[in-house]
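See below for the structure under consideration.
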Number of protein chains: 2
Amino acid sequence: MAVKYKEIADQLELDIRDGKFDRTKKLPTEDELMKTFEVSRNTVRKAITQLVNRGYIYQVQGSGMFLRDKSVTDYINLGSLRGLTKDLTSKTIETKILNLRVIEADEEKAARLRCQKGSKLYFCKRLREVDGEPFSIEVSYFNKEIVPYLNEDIARTSIYSYLIDDLKLQISFADKIVNCEKIDEDSAKLLNVKPGDPTLIIENTVCLANGTVFELSQSIFHYQKAKILNRINFK
Amino acid sequence: MAVKYKEIADQLELDIRDGKFDRTKKLPTEDELMKTFEVSRNTVRKAITQLVNRGYIYQVQGSGMFLRDKSVTDYINLGSLRGLTKDLTSKTIETKILNLRVIEADEEKAARLRCQKGSKLYFCKRLREVDGEPFSIEVSYFNKEIVPYLNEDIARTSIYSYLIDDLKLQISFADKIVNCEKIDEDSAKLLNVKPGDPTLIIENTVCLANGTVFELSQSIFHYQKAKILNRINFK
DNA sequence: AAGTGGTCTAGACCACCGT
DNA sequence: CGGTGGTCTAGACCACTTC
């Protein structure tokens, strides 16, 4: 990491998740944190801002920094990219690869991925099962220029861990579009619902730190099993 | 406003929306902004952070600050509290009050609003129409301790403008839960869809700067007309 | 009045991008 | 290499809460 404010934020996140501040529902003051971590006030405040943005705490001028109510687990977190494995911690998750191959970008994909028509893309279709029952179908397209290699092993465990930890990609921002439709026949079969039942859909366009689009994805969720949580801050 | 970094952020937001940087898709450098606004670098950077969080720009170290692709209009913005009127700018929006009265909190509402059972609440049920067609049903509960007065006029135009501009409430953070269900018969009639059709649902718990919960709401959307957009950043 | 967070400044040095 | 953003420090003053 090597960046102080992130290290401090990560440490405090662990402490919060450990319940270290549950008794008081309050964090140490900025002054105390400055002493504990031996950094300047600005650095403490930058760390704190991370925790606010991650949805853990809120600040009250003149009073202190307080824990937000714990979010119920088992919600899909729209504000993170950590994936199902990290969101649904109390569940067992299995992934089945339905399809994984290299394709060429058609006009529509090329436009959305901002690459040339005919560029090589990884196409990956997966079925995610939670506690042994079908939960979602995820279809992803990766620009092969940026993700030069992918295999079933990686796709079965965690593509994102591979991208971040192994390929060292710096994921920076994303557009997520959520809506809801009647499910088609094929997807219904896979998710074990009736054709025409509702389905929750998230479309995702993900960019690297330099602004390049590197992934498009569409996730189709079982409407009775999936709930999305989004924690937001204004200021 | 009286706060420099917010004023700068607001000014730059206007400039961006005006297309002032469309030619280059790039913002002035931090140095230039420091000179333009006559503030320190930290203040410029704080303003910039606002624009990043609002989803307008991304920063590339060593290179500059760039515009993100314009988000399609007519999406519901999950990351703002500005309400339909501000999200669907190209549409005409009408609001019909289905019900507005003071009720007493039952056990469940009291728990969720963190108030006493029996506390007075404003209950408000509205039908929102976009371009003359039913779009959503919004049911809200406001703690009357915090929102002491509400009438049909206010509920028909914008409750949030009233809360922020008139009551000077400082809204600080919110939990939003999104899911999708089969619509019930009553709602189906109002939204002009068939019972059992899909419907997109957002449940919202909104808190003030001091941490108090002051609103619960549930919005039920027409599944073919509503799309939610969420722009997120990692760093 | 004391405690605590919010804003702002000035300056230093580092890391990355492009030429 | 120069230009540009990223991190960090030290210190001042303000605004709000709590007692």
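Throughout, protein chains are lettered first and strands after them, A, B, ... in sequence-line order, and every chain is numbered starting at 1.
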State whether the side chain of B/D87 and the backbone N or O of B/N77 hold a donor-acceptor pair below 3.5 Å, judged by distance alone. yes

Closer than 3.5 angstrom, by distance alone: can the side chain of A/R126 be matched with the main-chain N or O of A/A155 as a donor-acceptor pair?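 Side chain of A/R126 to backbone of A/A155: a pair is present.
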
5' precedence on DNA chain D between B/M65 and B/Q170 (nearest-nucleotide basis): B/M65

Please determine if a side-chain N or O atom of [X] lies less than 4.0 Å away from the OP1 or OP2 oxygen of [N].
| X | N | answer |
| --- | --- | --- |
| A/T43 | D/dT9 | yes |
| B/Q59 | D/dT4 | no |
| A/K46 | D/dT7 | yes |
| A/Y5 | D/dC8 | no |
| A/S40 | D/dT9 | yes |
| B/S63 | D/dG5 | no |
| A/R45 | C/dG5 | no |
| A/K235 | C/dG6 | yes |

Rounded to whole angstroms, how far apart are [atom1] on [X] and [atom2] on [N]?
| X | N | atom1 | atom2 | result |
| --- | --- | --- | --- | --- |
| B/E30 | C/dC16 | CD | P | 16 Å |
| A/M34 | C/dT4 | CE | C1' | 13 Å |
| A/E32 | C/dG5 | CD | C1' | 13 Å |
| B/N210 | C/dG6 | CG | P | 13 Å |
| A/Q61 | C/dT7 | CD | P | 7 Å |
| A/Y58 | C/dT4 | OH | C1' | 15 Å |
| B/K6 | C/dG6 | NZ | P | 10 Å |
| B/F234 | D/dG6 | CZ | P | 17 Å |

What residue among A/K120, A/K117, A/K109 forms salt bridge (Lys or Arg N to Asp or Glu O under 4.0 Å) with A/E104? A/K120

When you match B/K4 and A/P28 each to their closest nucleotide on DNA chain C, which lands nearer the 5' end? A/P28

Could you give the distance from CG (A/L167) to CG (A/L163), rounded to the nearest 0.5 Å? 5.5 Å

Sugar-phosphate, base or nothing in reach of B/K26, heavy atoms under 4.0 Å: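 Counting heavy atoms under 4.0 Å across all strands, no contact is made by B/K26.
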
In terms of ring plane angle, is the pair A/Y141 and A/F123 parallel, tilted or perpendicular, where the classes change at 30° and 60°?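 A/Y141 vs A/F123 ring planes: tilted.
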
